[in-house]
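Positions are given from 1, in the same order as the sequence printed here. Small disclaimer: the values here were computed from a predicted structure and weren't measured.
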Amino acid sequence: MTMKRDEQRVHRTHTAPCQERCARSCTGPSLPEGAVDPLPVALGLDQMDDYRQQFRDMRRQCGGREAVEHWSGTLLDGWLSWIAYEEGRERPSLDDASWVAHLVVGINEVLSIRDALILTLLTGCGTGEGRAEGQVMTRRMLVDIAAQPHSSEHARVMSDTLNRVFHTPQSPQAQSRCRRGLVLLKAICASVPEECRVQALAMIAYISWWLGEAGARAHALKALELDERCTLAAIVICALEQNIHPNGFRS
């Protein structure tokens with residue numbers, strides 16, 4: 001996802017074996033060590049199934065692009081507000097579970113939504129339509145990337161942005177933003193049924209790997225235990241096994 005071409009070849013070569021090994025070796029708890037308290041409002045399986053069906057119906061009736069644009073717009077406001085709050089101020093409320101349910105369904109149903117959210121953590125994004133100082137992405141760009149991931153322009157923007165940040169030292173702002181995202185994603189995992197956690201766990205694994213934190217492997221293993229086809233989690237495991245880290249760091 002953020003690797004040079006030679007590193008991407010390593011991932012393609014090792015992803016399948018890694019997935020197979022991880023699926024066999026996962027014996028961890030329901031959530032890895034370090035999971036935080038759940039959200040104020042838990043989301044049950046029936047409720048999540050209802051949201052999932054709403055999204056699928058919308059995609060069937062409106063078309064994939066329009067449905068993803070609408071669904072992403074609903075979840076982005078809450079997500080961007082959470083990761084952008086200033087230290088020392090009160091965090092956005094999580095009592096309204098609607099946008100969280102949209103987020104969980106979105107990242108599991110459409111991986112480009114997951115990837116757009118990862119971009120917001122790595123590069124920053126304004127909560128409005130404009131681009132704040134030092135931020136790479138606008139809200140409109142994120143929605144377009146989520147809705148049209150195979151567009152040559154959006155694929156180029158995604159690739160160029162990720163490659164650039166992969167080789168750029170992490171700013172304190174980016175690290176804080178990523179950690180805020182991890183807090184929310186871990187709370188979400190503690191608040192939704194196990195089968196709904198796969199992509200959130202994979203995001204936690206990826207961002208933890210990005211930050212050089214020890215929880216990356218445990219969360220990737222858990223994601224693969226729930227779904228052995230979770231490529232992002234397998235990529236994290238392979239990166240760790242190949243000693244590939246952001247900014248050219250080798251442990």
Side-chain angles (χ1 to χ4, degrees), residues 1-12 15 55-56 58-84 99 102-171 173-174 177-178 181 185 199-200 202-203 206-207 209-210 229-236 239 244 246-248:
M1 187 174 179
T2 63
M3 305 299 173
K4 286 183 176 179
R5 190 166 300 171
D6 58 334
E7 293 167 337
Q8 290 171 340
R9 284 199 297 270
V10 169
H11 285 168
R12 286 195 295 269
T15 291
F55 190 28
R56 291 177 178 178
M58 187 183 299
R59 294 170 71 187
R60 185 174 61 254
Q61 295 165 8
C62 303
R65 174 179 171 180
E66 291 78 6
V68 171
E69 285 183 352
H70 177 79
W71 202 264
S72 300
T74 300
L75 66 90
L76 270 176
D77 287 339
W79 171 260
L80 291 177
S81 295
W82 175 270
I83 67 171
W99 71 268
H102 277 77
L103 187 153
V104 174
V105 168
I107 63 177
N108 281 294
E109 291 286 302
V110 179
L111 296 184
S112 57
I113 294 177
R114 178 203 68 190
D115 294 343
L117 296 186
I118 289 175
L119 271 185
T120 67
L121 295 176
L122 301 182
T123 70
C125 178
T127 54
E129 293 301 326
R131 189 183 319 188
E133 182 179 356
Q135 293 178 333
V136 176
M137 292 289 162
T138 65
R139 192 177 185 281
R140 181 68 252 175
M141 292 168 66
L142 288 170
V143 171
D144 287 344
I145 287 172
Q148 304 176 70
H150 301 299
S151 157
S152 58
E153 178 185 356
H154 298 151
R156 177 186 57 78
V157 169
M158 185 87 172
S159 175
D160 290 350
T161 301
L162 289 173
N163 279 322
R164 182 168 60 254
V165 296
F166 182 78
H167 297 288
T168 301
Q170 301 163 8
S171 69
Q173 294 84 356
R177 192 168 53 239
C178 285
L185 289 166
Q199 295 304 330
M203 289 177 69
Y206 186 86
I207 296 301
W209 164 76
W210 189 270
R229 300 167 299 174
C230 184
T231 306
L232 182 59
I235 284 174
V236 171
I244 297 171
N247 309 312

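Of the possible donor and acceptor atoms, one in the side chain of W209 sits under 3.5 Å from a partner among the backbone N and O of I244. Using modelled atom types, no side-chain atom of S81 and backbone atom of G78 make a donor-acceptor pair closer than 3.5 Å. Under a 3.5 Å cut-off, the side chain of R177 and the backbone N or O of L121 do form a donor-acceptor pair.
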Check the pair F166 / L162 against side-chain contact (heavy atoms from CB on, under 4.5 Å), numbers first and verdict last.
CA-CA 6 Å; F166 182 78; L162 289 173; over 6 Å; no
Full working for side-chain contact (heavy atoms from CB on, under 4.5 Å) between E153 and D144
CA-CA 10 Å; E153 178 185 356; D144 287 344; over 6 Å; no
With side-chain contact (heavy atoms from CB on, under 4.5 Å) as the test, would you mind laying out the steps for R139 and L142 before giving the verdict?
CA-CA 5 Å; R139 192 177 185 281; L142 288 170; 5.5 Å; no
Start with the C-alpha gap between R164 and D160, add the side-chain angles, then the distance that decides, and say whether salt bridge (charged side-chain N to carboxylate O under 4.0 Å, His left out) holds.
CA-CA 6 Å; R164 182 168 60 254; D160 290 350; over 6 Å; no
Apply salt bridge (charged side-chain N to carboxylate O under 4.0 Å, His left out) to R114 and E109, showing your working.
CA-CA 9 Å; R114 178 203 68 190; E109 291 286 302; over 6 Å; no
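Going from atom CE of M203 over to atom CD1 of I107 covers 5.5 Å, rounded to the nearest 0.5 Å. Note that the CD1 atom of I113 and the CG atom of L76 stand 8.5 Å from one another [nearest 0.5 Å]. Rounded to the nearest 0.5 angstrom, Q199 CD and I118 CD1 are separated by 8.5 Å. To the nearest 0.5 angstrom, D115 atom CG is 11.0 Å from T120 atom OG1. Distance check, rounded to the nearest 0.5 Å: CG of L232 to CG of L111 gives 8.5 Å. Between atom CD of residue Q148 and atom NE2 of residue H150 there is a gap of 11.0 Å, rounded to the nearest 0.5 Å.
Contact detail for A146 and S72: the closest heavy-atom pair is CB-OG, 3.8 Å. T74 and W99 make their closest contact through O-CB, 3.9 Å (heavy atoms, listed as atom of the first residue, atom of the second, distance). When all heavy atoms of A233 and A202 are compared, the closest pair comes out as N-CB, 4.2 Å. When every heavy atom of A200 is checked against every heavy atom of L185, the shortest pair comes out as CB-CD2, 4.3 Å. When all heavy atoms of A147 and E69 are compared, the pair lying nearest together is CB-CG, 3.5 Å.
Note on ring orientation: taking the six-membered ring where Trp is involved, the planes of W71 and F55 are parallel (angle under 30°, cut-offs 30° and 60°).
Put simply, the side chain of I207 reaches to within 4.5 Å of the side chain of L122, judged on heavy atoms.
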